[in-house]
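Some notes on the structure that comes next.
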Amino acid sequence: MGRHGWNSGALRWRLTALLGVGAAALALVVTLLNTLPGDGASTDGTTSNGSRAHGTPTSTPDAETPDVGWGFTHTQYSADEGSSTAVERVEGRIADVGGLPQNQHLMGWGADNPEPVKGRYDFEDMDRRIDFIRASGSTPVVTLCCAPDWMKGGEPGVGNTDWSQSALETAPEPAHFKDFAALAATVAKRYPDVRHFIVWNEFKGFWNDSEARWDYEGYTKLYNLVYQALKKVNPDIMVGGPYLVMDSVDPRSGDASKTFKGPWGAMDQRILDAFDYWNKNKAGADFVVVDGSSYTNDDEMLPNEFAATDKFTAVSRWVRQQTGNLPLWWAEYYVEPADAQDEREGWSEDRRVAVQAAGMIALAKGGTTSALYWNPENEKGTDCAGCLWTPTSGKDGGQELPMFDLVSRFSKAFGPGTGFTTVSVAADDVPNVRVLATDKTVLVVNTLDRQISAKVDGQRFDMAAYEVKWLSR
């Protein structure tokens, strides 16, 4: 799901320069003694003290609440690297809007293998991402995925990581579930200001081929071990799952739910079964996490791209009902189908922002309290469809893009605990606009590819094609 960009973005294996013949020989002996464990796996550049707190932990805005609000996820390329001028520009812009919750994965999507050999850690990339989040005055979130190779049948050692998609999306073997939980605890000790952890990502590697269903028993066992390990580090740490993709299908599909459906399609019953098992057998949860798209798994937007976002409202309400109204997070949410290369560049930016805004409105109306926009950053250049800012490779990079304005304003206006109100919309305008309002702010989205004149909350105004308009009350 989504533009995950499974390459680490690191792949920078450290080489030691050996100066002089005698020094070289001595260094080689020392290296062999100190970096080659019994199985011959290199530990070059790693440390055995991964749990030592890194940097200067900060007092984050949401350290004591299971809600973090509306933010984003860092992907393979992000604003933590590049020109220092561009990096600082993004840090400052995020800080200026009061910070935005930011999610970073444990391995992949910009982070190197955190434990290439059991008990030997490399958190260089994670350290840099956490430092960026701290510098931007924001709440850090860590998604505990994916797993080092030695936990899933691969080769241990620095330089042996298999970064192929199939390898990265392999779950730990059951015999290593406790090892993964121990790694999670190490991460929690290293970053004590990270109070929000998501366990795994989209049930990756937990598909049961023989029964053609999700291995929800296996995932729940891993989840419970991680939950317990994190709570042992600090009872105030907040943990959530199951991060299932809430797939919808054509109602005629054999996998379609007979009871949970709408104009947007029908829910995949196999997903509902997996969610039900986790919900009934989890050790605990401080918040619940899902993700998904407004369109079906066949890329159908039913009945159109704006109306399809009603799925977010329906699913959000269903999840909250099932969990007794646990705080609800969407770790990812998509409104634009991807192409064969998993890119989403077919729409104009105005259309993309408008449908995203409609999707966020639908999530909020369903009771979603936190949602993380999957930021599809490019490494270089100036064009970046759907990105929050321009690439930071050059000193002129890191410029705010339209999606940043949407996410940051939505975060400020409609954060956790917001009381929503109804506003009047002229009858002729109801089919053409999407609206979300508080007693101070009204967000209006034109769903048409043409100019309209709309009357909302007693005000009449013109709106350009796909315009997103903010009104003060």
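Keep in mind that what you see is a predicted model, and the values were worked out from it rather than measured.
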Review point. Given Arg128 and Asp125, is the salt bridge (Lys or Arg N to Asp or Glu O under 4.0 Å) satisfied, shown in steps?
Key: CA-CA 5 Å; Arg128 188 179 61 253; Asp125 294 322; 3.1 Å; yes
Check your understanding: What do the steps show when you test Phe72 against Trp389 for ring pair (Phe, Tyr, Trp, His ring centres under 6.0 Å), and what is the final call?
Key -> CA-CA 12 Å; Phe72 65 92; Trp389 52 77; 5.4 Å; yes
Exercise for review: Mind running ring pair (Phe, Tyr, Trp, His ring centres under 6.0 Å) on Trp200 and Tyr223 for me, showing each step along the way?
Suggested key: CA-CA 8 Å; Trp200 208 243; Tyr223 173 90; over 10 Å; no
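Side-chain contact between Asp215 and Phe203: absent, with no pair of heavy atoms (C-beta onward) separated by less than 4.5 Å. Contact of the Tyr243 side chain with the Asp291 side chain is registered, since non-hydrogen atoms from C-beta on lie closer than 4.5 Å. At least one side-chain heavy atom of Met301 sits less than 4.5 Å from a side-chain heavy atom of Pro337. Inter-residue side-chain proximity for Gln322 and Leu272 is flagged as unmet; no heavy-atom pair is nearer than 4.5 Å. Looking at Tyr373 and Leu388, their side chains come closer than 4.5 Å, going by heavy atoms from C-beta outward. Counting heavy atoms from C-beta on, the side chains of Val87 and Asp80 never come closer than 4.5 Å. Side chains of Gln459 and Leu471 form a contact here, defined as non-hydrogen atoms less than 4.5 Å apart. Side-chain atoms of Val423 and Val456, non-hydrogen and from C-beta on, do get closer than 4.5 Å to each other.
Residue Trp330 is tested with Val289, Val315, Leu372 for a side chain to side chain contact (heavy atoms under 4.5 Å, CB included); the sole match is Val315. For the salt bridge (charged side-chain N to carboxylate O under 4.0 Å, His left out) with Glu305, the qualifying choice from Arg434, Arg351, Arg352, Lys311 is Arg351, the only one to do so.
For the atom pair Asp268 CG and Thr296 OG1, the distance stands at 11.0 Å (nearest 0.5 Å). The OG atom of Ser51 sits 11.5 Å away from atom OH of Tyr191, with the distance rounded to the nearest 0.5 Å. Rounding to the nearest 0.5 Å gives a distance of 11.0 Å between CZ of Phe177 and CG of Asn224. Note that OG1 of Thr323 is 7.5 Å distant from CG of Leu328, once rounded to the nearest 0.5 Å. From Ile198, atom CD1 reaches atom NE2 of His105 across 7.5 Å, with rounding to the nearest 0.5 Å. In this structure, the separation between CE on Met107 and CG on Leu144 is 13.5 Å, given to the nearest 0.5 Å.
No close placement of the Trp214 and Phe206 rings is indicated, their centers lying 6.0 Å or farther apart. Side-chain rings of Tyr277 and Tyr216 approach one another, their centers coming within less than 6.0 Å.
Checked for salt-bridge contact, Arg344 and Glu336 miss the test: no charged N lies under 4.0 Å from a carboxylate O. The existence of a salt bridge linking Asp273 and Arg270 is excluded, since no basic side-chain nitrogen approaches an acidic carboxylate oxygen closer than 4.0 Å. Taking 4.0 Å as the cut-off between side-chain N and carboxylate O, Arg134 and Asp193 count as a salt-bridged pair. A salt bridge does not link Arg195 to Asp62: none of the charged side-chain nitrogens sits closer than 4.0 Å to a carboxylate oxygen.
The environment of Arg252 atom CZ is sparse: at most 12 non-hydrogen atoms of other residues, nucleotides or ligands sit within 6.0 angstrom. Surrounding CG of Asp236 are more than 12 heavy atoms belonging to other residues, nucleotides or ligands, all under 6.0 Å away. Counted within 6.0 Å of NZ on Lys455, heavy atoms from surrounding residues, nucleotides or ligands total 12 or fewer; the atom is thus considered open.
Annotation for Thr421 and Arg473: closest pair OG1-NH1, 3.1 Å, computed over non-hydrogen atoms. The shortest heavy-atom contact between Glu64 and Met238 is C-CE, 4.2 Å. Residues Pro140 and Thr60 come closest through the heavy atom pair CD-CG2, 3.3 Å.
Between Phe410 and Trp470, the ring planes are perpendicular. Angles over 60° get that label, and only those under 30° would be called parallel.
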